[in-house]
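FYI, the numbering just counts along the sequence from 1.
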Amino acid sequence: MLPTLRALWQADGAFPSGSFAFSYGIEGAIALRQGMETREFAQLIAAIIRHRWSSFDRIALLRAFRADGHLDAIAAVDREVEASTLIETLRSGSRRNGASFLASHARLHNELACHLRDAVRAGNCPGHIAVMQGAVWSALGLDEELAQLTSGYSATSGLIGAAIRLGAIGVLQGQAVLRDSLPLIEELAAEPVPEEAEMESFLPFLDIASARHAQSDLRLFAN
């Protein structure tokens with residue numbers, strides 16, 4: 001049961017992972033689509049889960065997880081994420097989120113997190129959040145299923161939390177969207193990921209919204 005408890009610990013919004021400062025691009029989408037209804041917001045969340053988290057972040061997470069703590073293999077996955085994330089604000093936000101995640105675990109004396117933090121500081125890998133999560137959660141003793149569920153829940157909860165802080169939806173509306181997203185996360189996490197799986201993402205609306213919003217004079221979030 002300890003791995004399950006550790007997964008709950010990592011999914012807890014109170015864990016200082018740095019995600020509070022990042023909207024995962026949702027701020028730009030809300031700014032571009034003013035007056036978004038809850039139903040439309042739920043559809044956007046489902047699209048992000050299916051076409052970004054499942055096909056990109058989850059793949060990066062599992063490949064880093066399967067690296068079994070080998071820094072060169074983790075760095076190779078990390079550099080691929082860097083090259084595949086075209087929008088600068090999403091790329092830098094993922095790196096900063098990953099740095100905060102590593103800093104917290106390093107201060108909790110996680111040996112792999114310390115090594116990864118040093119590798120990021122040395123410029124040997126960018127430190128993207130999904131990659132760092134996969135590597136560190138493997139070291140914490142989570143299995144692949146728990147790591148995927150923790151990642152999916154954390155990403156979805158972060159998106160919804162950002163929308164609440166932006167005033168786009170209410171707290172209870174957000175909780176309803178989160179509840180209704182859980183079966184989709186479970187379904188996608190159950191899909192097998194072969195060793196040769198490649199990362200792919202297709203969310204042009206979110207990419208365009210994020211790129212436009214990067215030029216905004218007033219932003220609540222870093223991305």
What's the shortest heavy-atom distance between [X] and [Y], and which atoms?
X: A135; Y: I74; result: CB-CD1, 3.6 Å
X: L140; Y: R6; result: O-NH1, 2.8 Å
X: R50; Y: L184; result: NH2-CD1, 3.0 Å
X: R79; Y: N124; result: NH1-O, 3.2 Å
X: G174; Y: I164; result: CA-CD1, 4.4 Å
X: A11; Y: S154; result: CA-OG, 3.7 Å

Mind checking whether F15 and H105 have parallel, tilted or perpendicular rings, split at 30° and 60°?
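Taking H105 first and then F15, their aromatic rings sit tilted (interplane angle of 30° to 60°).
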
Other ILVMFWY residues reachable from L5 by side-chain steps of under 4.5 Å:
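Hydrophobic cluster check, L5: joined to L8.
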
Hydrophobic cluster (4.5 angstrom, side-chain heavy atoms) - remaining members for F202:
none

Side-chain heavy atoms under 4.5 angstrom apart, residues restricted to Ile, Leu, Val, Met, Phe, Trp, Tyr: same cluster for [X] and [Y]?
X: V81; Y: L86; answer: no
X: L112; Y: F65; answer: no
X: L149; Y: L2; answer: no
X: I129; Y: L108; answer: yes
X: V171; Y: F41; answer: yes

Look up atom [atom1] in [X] and atom [atom2] in [Y], then write down how far apart they are to the nearest 0.5 Å.
X: L102; Y: M132; atom1: CG; atom2: CE; result: 6.0 Å
X: S151; Y: L142; atom1: OG; atom2: CG; result: 11.0 Å
X: Q148; Y: D143; atom1: CD; atom2: CG; result: 9.0 Å
X: R121; Y: L116; atom1: CZ; atom2: CG; result: 12.0 Å
X: L61; Y: Q133; atom1: CG; atom2: CD; result: 6.5 Å
X: L182; Y: S157; atom1: CG; atom2: OG; result: 10.0 Å

Looking only at side-chain N and O atoms, does T150 offer a donor or acceptor that is under 3.5 Å from a partner on Q10?
no

Whether over 12 other heavy atoms sit under 6.0 Å from [X] [atom1]:
X: Y153; atom1: OH; result: no
X: E88; atom1: CD; result: yes
X: Q43; atom1: CD; result: yes
X: E40; atom1: CD; result: yes

Partner set under salt bridge (Lys or Arg N to Asp or Glu O under 4.0 Å) for [X], not counting sequence neighbours:
X: R66; value: E144, E195
X: R179; value: none
X: E187; value: none
X: E82; value: R91, R95

Donor-acceptor contact present, side-chain [X] to main-chain [Y], <3.5 Å:
X: S181; Y: V177; result: yes
X: N97; Y: S17; result: yes
X: S94; Y: H128; result: no
X: R58; Y: S54; result: yes

Under the side-chain contact (heavy atoms from CB on, under 4.5 Å) rule, what do T85 and F56 come out as? Steps first, then yes or no, please.
CA-CA 10 Å; T85 307; F56 191 95; 3.8 Å; yes

Would you say L206 and L90 make side-chain contact, with heavy atoms under 4.5 Å?
no

Just so I know, are the side chains of T156 and W53 near enough to count as touching, which here means a heavy-atom distance under 4.5 Å?
no

Apply side-chain contact (heavy atoms from CB on, under 4.5 Å) to the pair L159 and L44, showing each step before the final yes or no.
CA-CA 10 Å; L159 285 163; L44 176 60; over 6 Å; no

